[in-house]
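Contents: one structure, followed by commentary.
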Amino acid sequence: MSAGDSEANDVPDEKRRRIDSYHGNGSAGCNVNLRNEWANPAVRSRLRSEFEASGPYRHIVLRPFLDSVEFGAVREELQKVDATEKETDLFRFFQTSDLAPRGDKAAGGSHLAALTRLFGSAEFRDLCSEITQCGELTDRVDLSSQIYPRGSHLLCHDDVIGTRKISFILYLTDPEEEWSPAEGGALELYPAEPGAPRGTPHVKPSKELLPFANSLAFFVVEPGVSFHAVREVRGARARVSLQGWLRAPSLEQTKAFEDRGLATLQQLLAKPPMAGPVASRPSAGLGDSEAAGNSLSQEDMAVLSRWIAPEYLSGDQLHVIAAHFADSSYAVLKQFLREDVAARISAALDDADASDGFIAGVEELPTPEYSVGATDGWELVGPPHIRRHLRYSSGGTDSKGAAGSGGSAEGSAE
């Protein structure tokens, strides 16, 4: 899933980026071809077997995909192409405009243009089709480059939009030094959640593909199955790639068309309920219906006063807040917690962060595990294409007799 292809002319300079330079040797011509290896029937047979045996869903990585000189020439040319920052609640990265070989773009004389023609060629479609056994592919290809500097990411989704049938990524990262796990930026593949309804990915990925230079990864786009994400880039080097899709002739010829309702987009539009049970609080101790909305019992006050700043518990202040909320549909309550409670919670959070390797003023640990923080009553909540956060369960306790930071905070409010 990617941002739109169009690029506005008035985007400020700070929202643009060019790929880190790589001074390859170049070549006299501007041809970019599949390496002979990928046309070898025995190699294709082996790749098909590897594809069928892969998990959590079928995928394959070809490396080195291009001749090293042609690869270097493409990288060198791509650094001159402007990319615009794209950011939504799903992703953050820089992206070029559409690079697919359509119309006048199909006749360029550069190595980059030659590569786009390769991706739009019958030869490339035949390679993908033979390995994946996906059936007919059209001559349409969607293609753009994404640059992920430090802090960039792409959240979990399955790529199901329109007639997309094959998703492919060619990594154009620095070939001089192999990409390391500590730099982040891995392509994460998510298995199904055992026991959950179909189309539900596990909260954590089961496989990660590092963006090694000159490697091509591809998989069949399938609703509720091909869940993937790009882990946050945490190193200084940018994760650079060409991302594209090959298309089916019609929606009915996409993979598992009958399961279209399981696609990420369809699930999001269905507005699923919030994760986990929501405990209802009994109304005992409150007066009639009118009083219930405007007063708090002594029991209520006893509980709330352990946590909340006293100025927010006065009757007059509550009426002011309620009136503002009725008019504006929101209220911002500054210094909401008691000062001593807030201080202890802050200290407890600092201690919890420090135990997980996050210390103010100290460089963070490379690529923390998804299990970080999921201790002492805190659990990781998914599914990740809809939500991923930590939720506290009062059943979990640590050696201090309370659930992590919650325990020390409650002690301060007694």
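Values below: every heavy atom of this structure, side chains too, minus hydrogens, waters and symmetry copies. In this chain, residues are counted from 1 in sequence order.
- Side-chain atoms of K165 never come within 3.5 Å of backbone atoms of L137 as a donor-acceptor pair (strictly under, hydrogens ignored).
- Checking side-chain atoms of D353 against main-chain N and O of F358 turns up no donor-acceptor pair under 3.5 Å.
- Distance check, rounded to the nearest 0.5 Å: SG of C156 to CD1 of I386 gives 9.5 Å.
- Not counting sequence neighbours, the partners of R58 by the salt bridge (charged side-chain N to carboxylate O under 4.0 Å, His left out) test are E52.
- When atom types are taken as modelled, the side chain of E77 and the backbone of L112 share a donor-acceptor pair closer than 3.5 angstrom.
- R391 places no side-chain N or O within donor-acceptor distance of the main-chain N or O of L380, the cut-off being under 3.5 Å.
- Counting only residues at least two apart or in different chains, ring-ring contact (aromatic ring centres under 6.0 Å, His included) contacts with residues 174-201 are absent.
- Salt bridge R63/E178: present, at least one basic N to carboxylate O contact under 4.0 Å.
- A salt bridge is defined here as a Lys NZ or Arg NE, NH1 or NH2 lying under 4.0 Å from an Asp or Glu carboxylate O, and E188 with K207 fails to meet this definition.
- With hydrogens and angles disregarded, a donor-acceptor distance shorter than 3.5 Å links the side chain of Y312 to the backbone of K334.
- Exactly one residue among T132, V225, I60, D159 makes a side chain to side chain contact (heavy atoms under 4.5 Å, CB included) with F219. That residue is D159.
- Here the two rings, on F168 and F124, have centers that are under 6.0 Å apart.
- Inter-residue side-chain proximity for T96 and S144 is flagged as met; some heavy-atom pair is nearer than 4.5 Å.
- Applying the salt bridge (Lys or Arg N to Asp or Glu O under 4.0 Å) definition to pairs two or more places apart or across chains, those involving residues 244-257 are D142-R247.
- Side chain of T138 to main chain of R140: a donor-acceptor pair is present (N/O by atom type, distance under 3.5 Å, no hydrogens or angles).
- Between R48 atom CZ and R46 atom CZ the span is 12.0 Å, to the nearest 0.5 Å.
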**OP:** With side-chain contact (heavy atoms from CB on, under 4.5 Å) as the test, would you mind laying out the steps for L187 and R239 before giving the verdict?
**Re:** CA-CA 11 Å; L187 178 67; R239 176 193 190 272; 4.3 Å; yes
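- Between F71 and P175, the closest side-chain pair of non-hydrogen atoms falls below 4.5 Å.
- Using a distance-only test at 3.5 Å, with no hydrogens or angles considered, no donor-acceptor pair links the side chain of S371 to the main chain of A374.
- A donor-acceptor contact shorter than 3.5 Å links the side chain of S145 to the backbone of S241.
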Original post:
For L304 and L313, what are the C-alpha separation, side-chain angles and deciding distance, and is it a side-chain contact (heavy atoms from CB on, under 4.5 Å)?
Top reply: CA-CA 8 Å; L304 295 174; L313 298 178; 4.0 Å; yes
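- R237 has its side chain out of reach of T173: every pair of non-hydrogen atoms, C-beta onward, lies at least 4.5 Å apart.
- Looking at H153 and V233, their side chains never come closer than 4.5 Å, going by heavy atoms from C-beta outward.
- When L127, N214, L170, L34 are each tested for a side chain to side chain contact (heavy atoms under 4.5 Å, CB included) with L62, only one passes: L127.
- If you take NE2 on H228 and CD on E208, they are separated by 14.0 Å, rounding to the nearest 0.5 Å.
- Under the 6.0 Å cut-off for aromatic ring centres, H202 and F227 do not qualify, their centroids lying 6.0 Å or more apart.
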**OP:** Quick one: do E70 and H111 satisfy side chain to side chain donor-acceptor pair (under 3.5 Å)? Show the steps, please.
**Re:** CA-CA 7 Å; E70 294 173 356; H111 289 90; over 6 Å; no
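- The main-chain N or O of S180 is found under 3.5 Å from a side-chain atom of E183 such that the two form a donor-acceptor pair.
- Between atom CG of residue L118 and atom CG of residue L143 there is a gap of 10.5 Å, rounded to the nearest 0.5 Å.
- Closest non-hydrogen pair, P384 versus V203, comes out as CD-CA, 3.8 Å.
- Closest heavy-atom contact between R338 and D340: NH2-OD2, 2.6 Å.
- For the atom pair CD1 (I308) and CZ (R306), the distance works out to 11.5 Å, reported to the nearest 0.5 Å.
- A pairwise comparison of heavy atoms in D356 and G373 identifies OD2-N, 3.6 Å as the closest pair.
- A donor-acceptor contact closer than 3.5 angstrom is absent between the side chains of Q146 and S152.
- Proximity of E232 to R92: side-chain heavy atoms (C-beta onward) are nowhere separated by under 4.5 Å.
- With hydrogens and angles disregarded, no donor-acceptor distance shorter than 3.5 Å links the side chain of S346 to the backbone of A342.
- Scanning both residues, Y171 and A217, for their nearest heavy atoms gives CE1-CB, 4.4 Å.
- H59 has its side chain within reach of L209: a pair of non-hydrogen atoms, C-beta onward, lies under 4.5 Å apart.
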**OP:** Would you please test L242 and F119 for side-chain contact (heavy atoms from CB on, under 4.5 Å) and show each step?
**Re:** CA-CA 10 Å; L242 281 174; F119 283 134; 4.2 Å; yes
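- The salt bridge (charged side-chain N to carboxylate O under 4.0 Å, His left out) search around E369 returns none, not counting sequence neighbours.
- Under the side chain to side chain donor-acceptor pair (under 3.5 Å) criterion, R44 pairs with D126, E130, not counting sequence neighbours.
- Between V160 and L265, every side-chain heavy-atom pair lies at or beyond the 4.5 Å cut-off.
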**OP:** Decide yes or no on side-chain contact (heavy atoms from CB on, under 4.5 Å) for E50 and L47, but give the supporting numbers first.
**Re:** CA-CA 5 Å; E50 291 179 6; L47 292 173; 3.9 Å; yes
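- Rounding to the nearest 0.5 Å places CZ of F257 at 14.0 Å from CD of E222.
- Geometrically, R231 engages Y370 in a cation-pi contact, judged by NZ or CZ lying under 6.0 Å from the ring centre and within 45° of the ring axis.
- Annotation: D327, atom CG; neighbour count of heavy atoms from other residues, nucleotides and ligands within 6.0 Å is above 12.
- The heavy-atom pair separating R198 from D259 by the smallest distance is NH2-OD2, 2.8 Å.
- Two residues are said to be in side-chain contact when any heavy atoms from C-beta on lie closer than 4.5 Å; S226 and V220 fail this criterion.
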Original post:
Under the side chain to side chain donor-acceptor pair (under 3.5 Å) criterion, do S250 and Q253 qualify, and how do the steps go?
Top reply: CA-CA 5 Å; S250 66; Q253 290 175 271; 3.2 Å; yes
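- For the side chain to side chain donor-acceptor pair (under 3.5 Å) test, no residue two or more places apart in sequence or in another chain qualifies with E136.
- Here the closest non-hydrogen pair linking G135 and S129 is O-OG, 3.4 Å.
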